[in-house]
Amino acid sequence: MKGLILVGGYGTRLRPLTLSIPKPLVEFGNRPMILHQIEALAAAGCTDIVLAVNYKPEVMVGALKQYEEEYGVSITFSVEEEPLGTAGPLKLAEKVLKKDDTPIFVLNSDVICEYPLADLLKFHNNHGGEATIVATKVDEPSKYGVIVHDRDVPNLIERFVEKPVEFVGNRINAGIYVINPTVIDLIELKPTSIEQETFPQLVEKKSLYSYDLQGYWMDVGQPKDFLSGMCLYLTALAKNAPKKLATGEFVNGNVLIDPTAKIGKGCKIGPNVVIGPNVVIGDGVRIQRSTILKESQIKDHAWVQSTIVGWKSTVGKWARLEGVTVLGEDVTVKDEIYVNGGKVLPHKTIKGNVETPQIIM
Amino acid sequence: MKYQRRNCSIKYLKEFKALGTAGGLYFFREEIMKGNPDNFLVIHGDIVCEFPLSDIIDFYEAKQELSKQKLDGVLFGIKPTNYDLFTTMKNTEKSSLGVIVSDKTTGKVVHYVENPETKISDVFNGGIYLFNDQLFKRLGNAKISKITQAQNSSNFGSGHDDEDIISMETDILRNLPEYGNTYVYEYRGFWHAIKTPADALTANKLYLEKLNKAGLSSTNPSAVSSPISSTPLHRRQDTVDRIILQQASVNIVPPVFIHPTAKIDYEQGTKIGPYVSIGENVVVGAGARITNSIVLDDVTIRSGALISNSIISYNCTIGSWARVEGTGINTASITEILKQAGGEKFKELLAAHESFKVIGIKDSGHISILGSGTDVSEEAYVLNSFILPNKSIKHDVKYEIVM
């Protein structure tokens, strides 16, 4: 089995975090985002994993070397000279992906879900079509491309309707696919969209099926969704592996705390908080719906909500952060300061209140 | 009554209608002159300063001794350290500003003018006067001339002025130089008119600074005066409660006044000050932070709450991690601008920057005020807002007046 992870570019939507490290290495739930996918692929029996990237930072090469050994997989970078869209990278990595007849998993690196890949593969093999799209249900299908099924054959896709005005269904493409190597033959080596160019061909051939995703799904490519995704991830963790979550008098709801983090007296942490390695939380701190990345410090009586605190940052005493504030790496927020929706670039010091959402250079 | 111990009787004299800044004095002249005092002080109720009243009386008596005829009175003239800052700030308040010109050697008032467009003197009317019974003669004359004027103008069929309304500034002060026996007592200390709630915080700051400068920490409880009531009557023994400020510590950034009956939990790095006054029976929880604020009696502030640039009225409760904040006016930067560019530039800046004012709350400055009995829920945020009494604040409130 083989897997392709569509990583793409610089992850600009997740700035200022991605100014310091590539997006796949940004920790989600205390683990690099891409590790969630590598782990799922390895668990589903993949031995070869291709990362489709259009730049290849050294830091990523080093990190992935480590995962290769840890999960016993071979990871190759497929570097696009120009962005090839969502289908082009499959063609580019043809050599690896077509080395045998087994199906190929295609994952979008921004997507976070429970990755039921083994079950998906079973489903794929059973229907006999060339490809399977994982579908997720959404509340507002009018914002997405909606899947319409064949009336007679279960799960066979009849067509896609882009941003439907009238209700035609509530299942959308979740950005996770399993395809047979034959699908690569339909793709040319040029910028190509798998959704708009390749899949319609498979629909014509009545060879494209959809698989209903159970549980949560979220595109975590931007800070607001990163936090929403974190809530869903923690909820799933509470169900599937409750022992991983923190317990204690100060814990309120689902909270994930690295064992090396220190928590002060009289804190109230949660719901939906992730605290990274070597983070130091002072006394009387209140945190909700936030991720505190490693080696940061939250001082006494600070109040943090809907915020991502970047690595090695410091939040001062009695500071108040909210409104999807994102602190980049090594940011300092002085004592008693209020920040609402500030996107703070690395190494900055915030000395005055930030009342309205803005970028702080 | 709270002020009973201060050994002076307080009488409220209610004008039957608005009588202007001096009409009331004339109307109540018999009441004022009861006991035939040699002289009496008139003080505008909305000013704060060091009130050097004994010195004013001494000054009057010294001038009277040198003078052959009876003095008309003494005006309290303030000499601000920064003329530009003072005039521009006063202009933005849109209140009137009296300028006093006096003889350099004798201190005799030679000219008085309201709101001059040019700088003719840097001594301003500070709203305190020491008068004697001569004043009533002047007021009587002012009234008579008003009646005469009214009769003349009614001959032309136009509306006439109400002769009961007499203005201290235009009817009395402007005419005093003519009589040639009014003196100005020049004062260089702090002075501020309380026109808006934000001014109350300024006054709090000024008084605490003054007490602090006098070295009135808990180790030195001598020579204390009250920051709230006036200095006791002339040459009378000090009978006022002694106000003792807190000493600097890990928890206290002076100057801070905490009433002895208040209960402060200093655990978890509670930090109070500078410029904080805390009233009777106030309870402050562990890890709270209070700066530049007035906290009135019977208020409860729970653990980890932050209060900044705010006035918390009686009986309020502030929940844990709640934040009641005013962003204040950055006077340091205002002074900087003035230093660099002068008053004109500052005027432009004030006109251009609406942010100097709170939206919907005219001229209040950036502060928050909780009316009495306000209950701010745990974690709620009140920013630059006024909360009217007895409201429960459960959600964040920013730049609002909550009715």
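Order of the sequence lines fixes the chain letters, A, B, ..., with proteins taken first and strands second; residue numbering starts at 1 for each chain. Hydrogens, waters and symmetry mates play no part in the numbers below; they use all other heavy atoms, side chains included.
Residue B:L388 qualifies as enclosed at atom CG: its count of foreign heavy atoms under 6.0 Å is above 12. The environment of NZ in B:K391 is sparse: at most 12 heavy-atom neighbours from other residues, nucleotides or ligands sit within 6.0 Å. By the 6.0 Å contact criterion, CD on A:Q358 is enclosed, its count of non-hydrogen atoms from other residues, nucleotides or ligands being greater than 12. Annotation for A:K23: atom NZ counts as buried by contact number, over 12 foreign heavy atoms lying within 6.0 Å. Environment of CZ in A:R289: crowded, with over 12 heavy atoms of neighbouring residues, nucleotides or ligands closer than 6.0 Å. Counting non-hydrogen atoms of neighbouring residues, nucleotides and ligands closer than 6.0 angstrom, the CG atom of A:D139 reaches no more than 12 such neighbours.
Note on B:A286, B:A305, B:A288: by heavy-atom pairs under 4.5 Å with chain A, the leading option is B:A288. Ranked by non-hydrogen atom pairs under 4.5 Å with chain A, the options B:S308, B:G304, B:S303, B:G287 are led by B:G287.
In this structure, the portions of A:K268 lying under 4.5 Å from any heavy atom of chain B include both its backbone and its side chain. At a 4.5 Å heavy-atom cutoff, the contact between A:W303 and chain B is made by side-chain atoms alone. Only the side chain of A:E322 comes within contact range of chain B, judged by heavy atoms closer than 4.5 Å. Using a 4.5 Å cut-off between heavy atoms, B:E267 does not touch chain A at all.
The nearest pair of heavy atoms linking A:E336 to B:T291 is OE1-CG2, 4.1 Å. In terms of heavy-atom proximity, A:N353 sits nearest to B:Y381 at ND2-OH, 4.4 Å.
A donor-acceptor pair under 3.5 Å is absent between the side-chain atoms of A:W318 and the main chain of B:R323, judged by distance alone.
The side-chain heavy atoms of B:Y399 and A:E355, taken from C-beta on, include a pair separated by under 4.5 Å.
For the atom pair A:R320 CZ and B:D396 CG, the distance stands at 5.0 Å (nearest 0.5 Å). In this structure, NE2 on A:H301 lies 6.5 Å from OG1 on B:T270, to the nearest 0.5 angstrom.
A donor-acceptor contact under 3.5 angstrom links the side chains of B:E379 and A:Q288, judged on distance only.
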Could you walk me through whether A:D335 and B:R289 pass the side chain to side chain contact (heavy atoms under 4.5 Å, CB included) test, one step at a time? CA-CA 10 Å; A:D335 289 358; B:R289 173 77 182 108; over 6 Å; no
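Between B:K271 and A:D300, no side-chain nitrogen of the basic residue sits less than 4.0 Å from a carboxylate oxygen of the acidic one, so the salt-bridge criterion is not met.
Within residues 251-267 of chain A, the residues that have a heavy atom under 4.5 Å from a heavy atom of chain B are A:K265, A:G266, listed by number.
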